Amino acid sequence: MAPCKKVLMLCGDYMEDYEAAEPFYALAAFGVAVDCVAPGKKPPGDACLTAVHEFLGHDLYTELPGHRFAVTADFAAAAAADASRYDALVVPGGRFVERLSVDPLAVSLVAAFAGEGETATRRRPVVVTCHSQLLLAAAGAMRGVRCTAFFSMRRVVELAGGTWVEPDPLGLCVADGNVLSAIGWPAHGEIIRELLRAMGARVAGGRGQAVLFLCADYVDDYEANVPFRALAGVGCRVEAACPTKRKGEACVTAIYDATPAAASDERRGHNFAVTADWGDVDADRYACVVVPGGRAPELLATRGEAVALVREFAGKGKVVASIDQGHLLLAAVGLLDGRSCASGVATRVVAGLAGAASVRHGGAVADGKLVTAASWPDLAEFIAHIISLLGITVSF
C-alpha cells in the first residue's frame, strides 16, 4: 500500500546525525514517505556527510564524523513545487543551516511551509531542532512563536521576534501552532509524538507498554538510538540497561558506515544513556527486549546474566528483537534454532551454526515473537515488525 502521508526533510553536509536518522527511519516505519533533499546534491548516489554532536568533557560539544546520509529527491524540484504536496517539513540541526540561511531557495521553501504572507492558508508542520531555528528566523516565520533550541540560539530566537522557552527537560518539544521545536535529538521521542499528532495520526496500543534495550560500550549508534526514540514516539516506556554500568552512566556508541566496495571502519558515535540499574530489571515489567548490534553483543554474550535475561523474556512469550551482531546473543541463548531470521554478512555464519532454519540476506523478519534484522539500513522494517507484534497501530 502506498504511503498516505509524505514529509520533506531539508538536509545538508554536517547536519546532526541523529536529527536526520531518527525522524527518517521512524516515520518510514509508520508508513510515511520521507523525501530527503539538499542544495547541490541529486539522487541517486549523492549523500550528505552528517556530524555527531556530543559533550565529551569540554566546554562545548565536540563534533565528530557521522554517517553518509543518502539524498532521495531533487532539491530544486522540491523548492519549486507547491508545499501542499507534503504534510510536514523536518529540518535537522547542525552547521549546514548557517549556509542554507542565506540560500534564497532554501529560505523560500521554509517560508512556504511556515505559511508566511500569501501562503498562510497552506501551513504545514515544521520541525526545527538545535540550530535549524535559524532557518525559521531567516524565513521571517519566528515572530510571535514560542520556541526552544540549543542554548546559544536564545538571542537569535528573541531577535527574530520569538518567545524563548528553556529546553528543560532536554526531552521537551515545544509545539506552537505549526512549529515544533526542540533542543535536539534527546527530544525526538516527543518530537515524533507531536509530529504524528500534527499530521492527524491516530496512535493506539503504545501507552502502558515497556521496552528494554540491552546495551554495552560500542553498541551500534543507529541501532540503539533510532528504535529507542521511535518506540517512545508511539507511547512506549523505553529503558536501557547494561550489566556493567549503573543508571545515569553512558555507553559509548560506534558508527559503522560501509561503502559498497569495502568493510566499514569503526568511529565513535554519540553517548547512549543507561536509564535502569541492572539489578532492578524484571522481565515481567516489559513487553519486549531489543538487542542492538555493534560490538556490544560480544560482551553481552559472555555475561551469564544477560544470556539468562533474554532466555527469560523468550520463555515468558515476550517479543525478542535483535539487529545485526545482536544475533550473537540470540545464538548464545539458543533462540535461532529452527527459526527464520534476517542477517547481514557479520552474523550469517553464526546464524547457520546456531541452527537457523532459513537466513534472509538483508531486511527484517518476524518469526513468531522473534524479530531479526540485518543492519541499520533495515531499521524502518525492523521497527515496523516490533510495533506490529506489540499491537501498536499508527493510522491516518
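Computed from a predicted structure; not experimentally measured.
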**Prompt:** Using a distance-only test with no angle check, is there a side-chain donor-acceptor pair under 3.5 angstrom linking E54 and Y61?
**Reply:** no
**Message:** Salt bridge or not between D277 and R246? Use side-chain N to carboxylate O under 4.0 Å.
**Reply:** yes
**Under-4.0 Å salt bridge between D337 and R339** = no
**Asked** Is there a donor-acceptor pair under 3.5 Å between the side chain of R267 and the backbone N or O of G66?
**Response** yes
**Message:** Could you walk me through whether Y14 and F96 satisfy the ring-ring contact (aromatic ring centres under 6.0 Å, His included) test, starting with their C-alpha distance in whole Å, then the side-chain angles of each, then the deciding distance to 0.1 Å, before giving a yes or no?
**Reply:** CA-CA 6 Å; Y14 304 109; F96 82 108; 9.8 Å; no
**Message:** Determine whether a donor-acceptor pair (N or O, by modelled atom type, separation under 3.5 Å) exists between the side chain of D176 and the backbone of R146.
**Reply:** yes
**Request:** Taking only Lys NZ, Arg NE, NH1 and NH2, and the carboxylate oxygens of Asp or Glu, determine whether D217 and K245 approach each other closer than 4.0 Å.
**Result:** yes
**Lys/Arg cation over aromatic F113: R124, 6.0 Å, 45° cone** = no
**Prompt:** So Y286 and F313, would you call those rings parallel, tilted or perpendicular, with 30° and 60° as cut-offs?
**Reply:** tilted
**Check: H270 ring centre within less than 6.0 Å of W185 ring centre** = yes
**Message:** Whether the Y256 and D324 side chains hold a donor-acceptor pair (N or O, under 3.5 Å, no angle test) is what I'd like checked.
**Reply:** no
**Request:** Give a yes or no on whether a salt bridge exists between E239 and R237, defined as a side-chain N under 4.0 angstrom from a carboxylate O.
**Result:** yes
**Message:** Less than 4.0 angstrom from a charged side-chain N to a carboxylate O is my criterion; do E190 and R197 meet it?
**Reply:** no
**Request:** Establish whether V71 and F75 are linked, either directly or via other cluster members, by ILVMFWY side-chain heavy-atom contacts under 4.5 Å.
**Result:** no
**Fill in**
residues 149-166 vs salt bridge (Lys or Arg N to Asp or Glu O under 4.0 Å), sequence neighbours excluded, gives R154-E158, R154-E166, R155-E158
**Item:** Check: T62 side chain, L56 main-chain N or O, donor-acceptor pair, under 3.5 Å
**Value:** no
**Message:** As a quick check of understanding, evaluate side-chain hydrogen bond (donor to acceptor under 3.5 Å, both in side chains) for E19 and H131, giving each step before the final call.
**Reply:** CA-CA 11 Å; E19 291 171 32; H131 291 72; over 6 Å; no
**Request:** Please tell me if the side chains of I183 and F151 come closer than 4.5 Å, counting only heavy atoms from C-beta onward.
**Result:** yes
**Item:** Pairs satisfying salt bridge (Lys or Arg N to Asp or Glu O under 4.0 Å), at least one member in residues 32-43, at least two apart
**Value:** K6-D35, D13-K41, K42-D74
**Asked** Donor-acceptor pair, T50 side chain versus D17 backbone, under 3.5 Å?
**Response** no
**Request:** Specify the closest pair of heavy atoms between I392 and Q209, including all atoms of both residues, with the distance to one decimal.
**Result:** CG1-NE2, 4.0 Å
**Check: D103 side chain, A106 main-chain N or O, donor-acceptor pair, under 3.5 Å** = yes
**Message:** Any non-hydrogen side-chain atom of L89 less than 4.5 Å from a side-chain atom of V7?
**Reply:** no
**Prompt:** So, does N271 use its side chain to make a donor-acceptor pair with the main chain of A250 at under 3.5 Å?
**Reply:** no
**V359 and T347, any side-chain heavy atoms less than 4.5 Å apart** = no
**Message:** Does any part of the side chain of C147, heavy atoms only, come nearer than 4.5 Å to the side chain of Q133, both counted from C-beta?
**Reply:** yes
**Message:** Looking at R85, is its backbone amide N or carbonyl O close enough to the side chain of D82 to form a donor-acceptor pair, meaning the two atoms are under 3.5 Å apart?
**Reply:** no
**Side chain to side chain, V371 and V365, heavy atoms closer than 4.5 Å** = no
**Request:** In plain terms, say whether E312 and K318 are close enough for a salt bridge, that is, a side-chain N and a carboxylate O under 4.0 Å apart.
**Result:** no
**Asked** Counting only N and O atoms by type, is there a donor-acceptor contact under 3.5 Å from the side chain of T372 to the main-chain atoms of A342?
**Response** yes
**Message:** How close do L109 and A79 get, counting heavy atoms only, and between which atoms?
**Reply:** CD1-CA, 3.7 Å
**Message:** Can you give me the closest heavy-atom contact between A276 and V274, atom names plus distance?
**Reply:** O-CG1, 3.4 Å
**Item:** Donor-acceptor pair between T148 and S181 side chains, under 3.5 angstrom
**Value:** no
**Prompt:** Okay, side chain of W376, backbone of A224: is any donor-acceptor separation there less than 3.5 Å?
**Reply:** no
**Prompt:** Is it true that a side-chain atom of Y222 and a backbone atom of H67 form a donor plus acceptor pair closer than 3.5 Å?
**Reply:** no
**Message:** Any non-hydrogen side-chain atom of W278 less than 4.5 Å from a side-chain atom of C242?
**Reply:** no
**Asked** Who are the ring pair (Phe, Tyr, Trp, His ring centres under 6.0 Å) partners of F382, not counting sequence neighbours?
**Response** none
**Prompt:** Between R303 and T244, is any pair of side-chain heavy atoms under 4.5 Å apart?
**Reply:** yes
**Prompt:** Do P23 and H188 touch side chain to side chain, with heavy atoms closer than 4.5 Å?
**Reply:** yes
**Request:** Search all heavy atoms of A29 against all heavy atoms of I387 and return the closest pair with its distance.
**Result:** O-CD1, 4.4 Å
